[in-house]
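Take a look at the structure below.
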2 protein chains.
Amino acid sequence: MGRRGRVVLRRIEDRVRRGICFRKRLAGLEKKAEELAVLCDAHVGFVVLSCSGDDANPHHFAAPATYAPILS
Amino acid sequence: MGRRGRVVLRRIEDRVRRGICFRKRLAGLEKKAEELAVLCDAHVGFVVLSCSGDDANPHHFAAPATYAPILS
DNA sequence: GCCACTATAATTAGGAT
DNA sequence: TATCCTAATTATAGTGG
């Protein structure tokens with residue numbers, strides 16, 4: 001079980017594996033973005049769009065400004 | 001040496017440590033964003049703004065559309 | 001398909017130089 | 001201070017249910 005090798009930076013051709021990877025890594029990116037925002041007092045926003053139809057929805061994230069408001 | 005404990009999701013108050021963390025995690029976020037884009041054939045873009053003046057520059061990232069063009 | 005598990009890779013906080 | 005190192009934590013690909 002578990003990861004068998006290092007990450008090879010190349011499109012995953014298998015649709016099922018690519019879709020699973022997409023969902024797991026999207027969740028991971030969101031967690032990392034929130035940690036950066038909170039730990040380091042930053043505003044972070046991102047947008048992710050699947051190009052191969054693995055996910056029809058556009059995804060976005062914004063670190064809530066309430067952590068450290070810059071306005072008013 | 002090395003990390004001494006789990007991540008506590010709270011603003012790092014020490015300016016020096018926060019700045020170091022900001023730079024390291026910004027680099028980490030960019031790497032994760034690029035991996036998501038390439039492995040899973042997605043468009044990914046983000047913006048990061050330091051709120052506490054640890055970094056005067058706004059940072060942005062965009063996964064090059066050349067990986068999997070959706071236009072034309 | 002989802003969820004849980006877990007072996008392994010990857011990240012990173014703090015120390016070393 | 002700026003890298004570099006690495007212990008320890010965290011992320012995740014594959015598996016099983």
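In what follows, chains are A, B, ... by sequence order, proteins preceding strands, each numbered from 1. From a predicted model like this one, the values you see are computed outputs, not experimental measurements. All values below were derived from every heavy atom in this structure, side-chain atoms included, with hydrogens, water molecules and symmetry-related copies excluded.
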Atom pair [atom1] ([X]) and [atom2] ([Y]), whose distance is rounded to the nearest 0.5 Å:
X: A:Arg18; Y: A:Arg11; atom1: CZ; atom2: CZ; answer: 4.0 Å
X: A:Asp41; Y: B:Glu13; atom1: CG; atom2: CD; answer: 8.5 Å
X: A:Lys32; Y: A:Leu39; atom1: NZ; atom2: CG; answer: 10.0 Å

Interatomic distance where [atom1] belongs to [X] and [atom2] belongs to [N] [whole Å]:
X: B:Leu36; N: D:dT12; atom1: CG; atom2: C1'; result: 13 Å
X: A:Arg6; N: C:dA9; atom1: CZ; atom2: P; result: 11 Å
X: B:Leu26; N: C:dT11; atom1: CG; atom2: C1'; result: 14 Å
X: A:Glu30; N: D:dA11; atom1: CD; atom2: P; result: 13 Å
X: A:Leu29; N: C:dA10; atom1: CG; atom2: P; result: 17 Å
X: B:Lys24; N: C:dG15; atom1: NZ; atom2: C1'; result: 10 Å
X: A:Glu34; N: D:dA11; atom1: CD; atom2: P; result: 12 Å
X: B:Ile20; N: C:dG15; atom1: CD1; atom2: P; result: 11 Å

For this session: Starting from the 5' end of DNA chain C, give me the residue, A:Val16 or A:Gly5, whose nearest nucleotide shows up first.
Result: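 Final value for this comparison: A:Val16.
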Exercise. Checking all strands, does A:Val8 fall into the base, sugar-phosphate, or nothing category for heavy-atom contacts under 4.0 angstrom?
Worked result: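 Here A:Val8 touches no strand at all.
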For this session: For A:Arg23, answer base if it contacts any base atom (sugar-phosphate contacts may also be present), sugar-phosphate if it contacts only those atoms, and nothing otherwise; contact means non-hydrogen atoms under 4.0 Å.
Result: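 Sugar-phosphate contact only - A:Arg23 comes under 4.0 Å of backbone atoms but never of a base.
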Exercise. Side chain of A:Lys31, base of D:dA11: donor and acceptor closer than 3.5 Å?
Worked result: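 No.
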Side-chain N or O of [X] less than 4.0 angstrom from OP1 or OP2 on [N]?
X: A:Arg17; N: D:dG14; result: yes
X: A:Lys32; N: C:dT12; result: yes
X: B:Arg4; N: C:dG15; result: yes
X: B:Arg3; N: C:dA13; result: yes

For this session: Grab the two heavy atoms, one from B:Ala33 and one from B:Phe46, that are nearest each other, plus how far apart they are.
Result: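 For B:Ala33 and B:Phe46, the tightest heavy-atom pair comes out as CB-CE2, 3.8 Å.
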For this session: State which of D:dA13, D:dA11, C:dT11 makes the closest approach to the side chain of A:Glu35.
Result: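 The listed nucleotide nearest to A:Glu35's side chain is D:dA11.
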Exercise. Would B:Ser50 and B:Asp55 count as having a side-chain donor-acceptor pair, cut-off 3.5 Å?
Worked result: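 There is no such pair (donor and acceptor under 3.5 Å, judged by atom type) between the side chains of B:Ser50 and B:Asp55.
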